[in-house]
2 protein chains.
Amino acid sequence: MTRRPTLEDVAQRAGCSRALVSIVMRDAVGASDLTRERVKQVADEIGYRPDPHAQRLRRHRSKLVGVTFAAGQEFHADVVDSLYVATEALGYDVVLSAVTPHHDEARAVRTLVDDRCEGLVLIGPQISTRRLSELASRIPVVVVARRTRGVDAVRSDDVAGAVLGVDHLVGLGHRRIVYLDGGRAPGAAERLRGYRRAVRAAGLPELVATGGLTERDGADAASSLLAADELPDAVFAFNDRCALGVMDVLIRSGVSVPQQVSVMGFDDSPLAGLTHISLTTIRQDCVALARAAVARLMERLEGTVEAADAVDVVCEPALVVRGSTIPRL
Amino acid sequence: MTRRPTLEDVAQRAGCSRALVSIVMRDAVGASDLTRERVKQVADEIGYRPDPHAQRLRRHRSKLVGVTFAAGQEFHADVVDSLYVATEALGYDVVLSAVTPHHDEARAVRTLVDDRCEGLVLIGPQISTRRLSELASRIPVVVVARRTRGVDAVRSDDVAGAVLGVDHLVGLGHRRIVYLDGGRAPGAAERLRGYRRAVRAAGLPELVATGGLTERDGADAASSLLAADELPDAVFAFNDRCALGVMDVLIRSGVSVPQQVSVMGFDDSPLAGLTHISLTTIRQDCVALARAAVARLMERLEGTVEAADAVDVVCEPALVVRGSTIPRL
DNA sequence: TTGTAGGCGTTATCAT
DNA sequence: ATGATAACGCCTACAA
């Protein structure tokens, strides 16, 4: 395997200086059209590609945005996708660092900082608020999908999302609407608040039960529901997975969904849409989330913003109506 | 925000040369224990961290392994996790490049190559065999979870996995075992072959039906099954998602699983285990897959292997027995 | 054990 | 418009 071509190689074959080649490759001013053409052709011929490491070493700005995310999480994946387009539009590159069992968040962040990323986007971080603030004091940080005081955050309006869901169910004529709470999960408090507000506004009873994040939690909740005297008209679960658990147990027990009980979730995970499950749910606007996160990061990087005050950007979620919710019979 | 400390800064505060600091930071030989102690302390104090870009520029080897993966895919996430530990043990760093709707495989690979990764690990790549070979001729490449001629590949032994599954069902006393085929998906041909072999060996009828990759496909297949005169004893689906679709339709139709029909899948996706679904399935050994991929890559990088011949490493999958399969009643 | 010099591939500054 | 030259932060001889 032969050495990769460098600026020097291009310069020699094109019969000009390295400086000129550099100018051409960067599309900077200061080269004649003729030279430009020639250099580009030579570069193409010998397959020259600038070395990003050398570029970043020499430039004062690495033009890198570090991103931590939970590998395997659909929602995170969607945000990452949008992050790619948002940053590219601004001339930045993304450096990914996955959070996995053997590669925890602290390590992921460390890598990113060492890599001289100019700013960080943390998707659904789990670390403590204290460490988050600590980090943010050393490097621009924007947190996605988690509310945090003192650090820039971009998240969905979970209150509004829950209201959206309840209003949908109310509109279908349901009266006894049970909400399955998400406990201490990010957004859980807001969703519960939204449920309470909407249900109260509609003059309906507040029926809050313990839910959770997983199918297992949903299944348990459904079992409790079945043990009660009367089945509710509808169940609104903290998230899709929980909703799936509910549906499964109900159906196994001979309760037809949505005929007897309407079920809806939150998140619009691919499972909800791709399958015959056809779960009505609330979708978070990943594109808006990513765009807002990058926009805020850029403000920090440009230094056009006071270091002290953190912002809390809120994006509107949307109702996705599918087959698991129908009018009350 | 002040400038990040450099080697020079450490050297000054420690009262020695940069070279010495470099030696200490790299844990190389040639520094007294006293100096070592002093330098490390100073480095810690001023928060010095070596600049990887500068290191890679100076070193002849970037010590980088590029990895492409489908963001949001659990299986890929598991492999990535194992890749982190496998590479770290060998002193290499991982550079992630996600394959998403707006960031396709070609782009992901290009980034990795530009970043001067020494070798690439492609998890479940979708690009054509031709482009794969082309790439592999320019840079060491190992493909994970896809069979490819001419390029190093590491994958599960799908034939053995299918045999494992069938033998399990046979052992439970099932006679009429339907297999739901995966069509042209990676591994589908092998799994079908394994099914045929095992079923024939047990003197049972080959019952192959059209399945697919999604819950939808499984649901369709289940509907066909229900339309037939007689229900099979067990259904072995191409993958977990397909199996889930089968289970769902059967249960909705009043057929109890596993009492009337045992169902099993393939992949051991988190869905299978995390939930009350409790699907018996075949698990791919992600750790072994990752380890083997890295090991092979290292052979290439060390140049201890002929460029011409590609290897096809096969890892043994394992049976994971859960609740969706029980003895024939 | 320690220090000095040179260069990795690129870009920025200054001449020409 | 073009070219020489000096960094960027680090590592690797080699010399002391």
Side-chain angles (χ1 to χ4, degrees), chain A residues 1-40 42-43 46-64 91-93 113-118, chain B residues 1-40 42-43 46-64 91-93 113-118:
Chain A
M1 195 160 60
T2 177
R3 187 178 58 82
R4 289 192 62 135
T6 71
L7 254 190
E8 176 69 38
D9 298 326
V10 178
Q12 282 187 4
R13 304 235 337 193
C16 66
S17 70
R18 290 175 306 174
L20 216 34
V21 177
S22 173
I23 287 173
V24 172
M25 294 310 293
R26 285 178 291 136
D27 280 319
V29 293
S32 68
D33 288 357
L34 191 70
T35 319
R36 228 172 262 282
E37 196 57 43
R38 189 159 35 94
V39 168
K40 278 188 175 168
V42 171
I46 68 177
Y48 166 74
R49 306 239 56 187
D51 184 335
H53 300 300
Q55 286 183 321
R56 289 193 268 267
L57 181 59
R58 180 55 232 232
R59 290 203 227 267
H60 273 193
R61 311 195 51 173
S62 71
K63 286 285 187 178
L64 252 30
Y92 279 76
D93 270 330
V113 173
D114 284 352
D115 269 349
R116 302 308 197 256
C117 291
E118 296 183 24
Chain B
M1 195 159 58
T2 176
R3 187 178 57 82
R4 289 190 63 133
T6 72
L7 255 189
E8 176 69 37
D9 300 325
V10 179
Q12 282 186 4
R13 304 234 338 191
C16 67
S17 71
R18 292 173 307 171
L20 218 31
V21 177
S22 172
I23 286 173
V24 173
M25 294 310 293
R26 286 177 293 137
D27 280 319
V29 294
S32 67
D33 289 356
L34 191 71
T35 319
R36 230 173 260 283
E37 197 56 44
R38 187 160 36 94
V39 168
K40 279 190 175 168
V42 171
I46 67 177
Y48 166 73
R49 307 239 57 187
D51 184 334
H53 300 301
Q55 285 183 321
R56 289 193 269 267
L57 183 60
R58 181 61 181 101
R59 285 199 227 270
H60 274 193
R61 313 195 50 174
S62 71
K63 288 283 188 178
L64 251 30
Y92 280 75
D93 270 330
V113 173
D114 284 352
D115 270 349
R116 302 308 196 257
C117 291
E118 295 185 27

* Heavy-atom contacts under 4.0 Å between residues 8-21 of chain A and DNA chain C, which residues? -> A/Arg18, A/Ala19
* Shortest non-hydrogen contact between A/Asp114 and B/Pro52, atoms and distance -> O-CD, 3.0 Å
* Non-hydrogen atoms of B/Val24 and B/Ala31 that approach each other most closely -> CG2-CB, 4.1 Å
* Roughly how far apart are B/Tyr48 OH and B/Asp9 CG, rounded to 0.5 Å? -> 9.5 Å
* Within residues 23-34 of chain A, find the residues that approach DNA chain D with a heavy atom at under 4.0 Å, and present them sorted by residue number. => A/Gly30, A/Ala31, A/Ser32
* Just how far is it from atom CG of A/Leu7 to atom CD of A/Gln55, taken to the nearest 0.5 Å? -> 8.5 Å
* To do: Mind listing the residues from residues 55-64 of chain A sitting with a heavy atom below 4.0 Å of DNA chain D? Number order is fine.
  => A/Leu57, A/Arg58
* **Pairwise distance CZ(A/Arg56) to SG(A/Cys117) - rounded to 0.5 angstrom** => 8.5 Å
* To do: Please round to the nearest 0.5 Å and tell me the distance separating atom SG of A/Cys16 and atom CD1 of A/Ile23.
  => 9.5 Å
* **Divergence of helical axes at both termini of the helix from C/dT1-D/dA16 to C/dT16-D/dA1 - five pairs an end, 10° steps** => 40°
* Qualifying residues under salt bridge (Lys or Arg N to Asp or Glu O under 4.0 Å), relative to B/Arg58, sequence neighbours excluded -> none
* To do: Can you sort out the partners of A/Arg61 under salt bridge (Lys or Arg N to Asp or Glu O under 4.0 Å), two or more places apart, ordered by chain and number?
  => A/Glu118
* Go through the steps for B/Asp51 and B/Arg4 under the test salt bridge (Lys or Arg N to Asp or Glu O under 4.0 Å), then give the verdict. => CA-CA 10 Å; B/Asp51 184 334; B/Arg4 289 190 63 133; over 6 Å; no
* Asked: Among all residues two or more places apart in sequence or in another chain, which pass the side-chain contact (heavy atoms from CB on, under 4.5 Å) test with A/Asp93?
  -> A/Leu64
* Greater than 12 external heavy atoms within 6.0 Å of A/Arg36's CZ -> yes
* What pair of heavy atoms forms the shortest contact from A/Ala54 to B/Leu57, and how long is it? -> CB-CD1, 3.7 Å
* Heavy-atom contact window of chain A on DNA chain C, given 5' to 3' at under 4.0 Å -> C/dG9 to C/dA12
* Could you tell me from which nucleotide to which nucleotide of DNA chain D, 5' to 3', there is an atom under 4.0 Å from chain B heavy atoms? => D/dG9 to D/dT12
* Under 3.5 Å, side chain of A/His53 to main-chain N/O of B/Asp115, donor-acceptor pair present? -> yes
* **Listed partners of A/Arg116 passing side-chain hydrogen bond (donor to acceptor under 3.5 Å, both in side chains), at least two apart** => none
* Structure fact -> The complete set of salt bridge (Lys or Arg N to Asp or Glu O under 4.0 Å) pairs with one or both residues in residues 17-35 of chain A, sequence neighbours excluded, reads A/Glu8-A/Arg18, A/Asp27-A/Lys40
* Please identify each residue that fulfils side-chain contact (heavy atoms from CB on, under 4.5 Å) with B/Thr35, with sequence neighbours left out. => B/Leu20, B/Ser32, B/Arg38, B/Val39
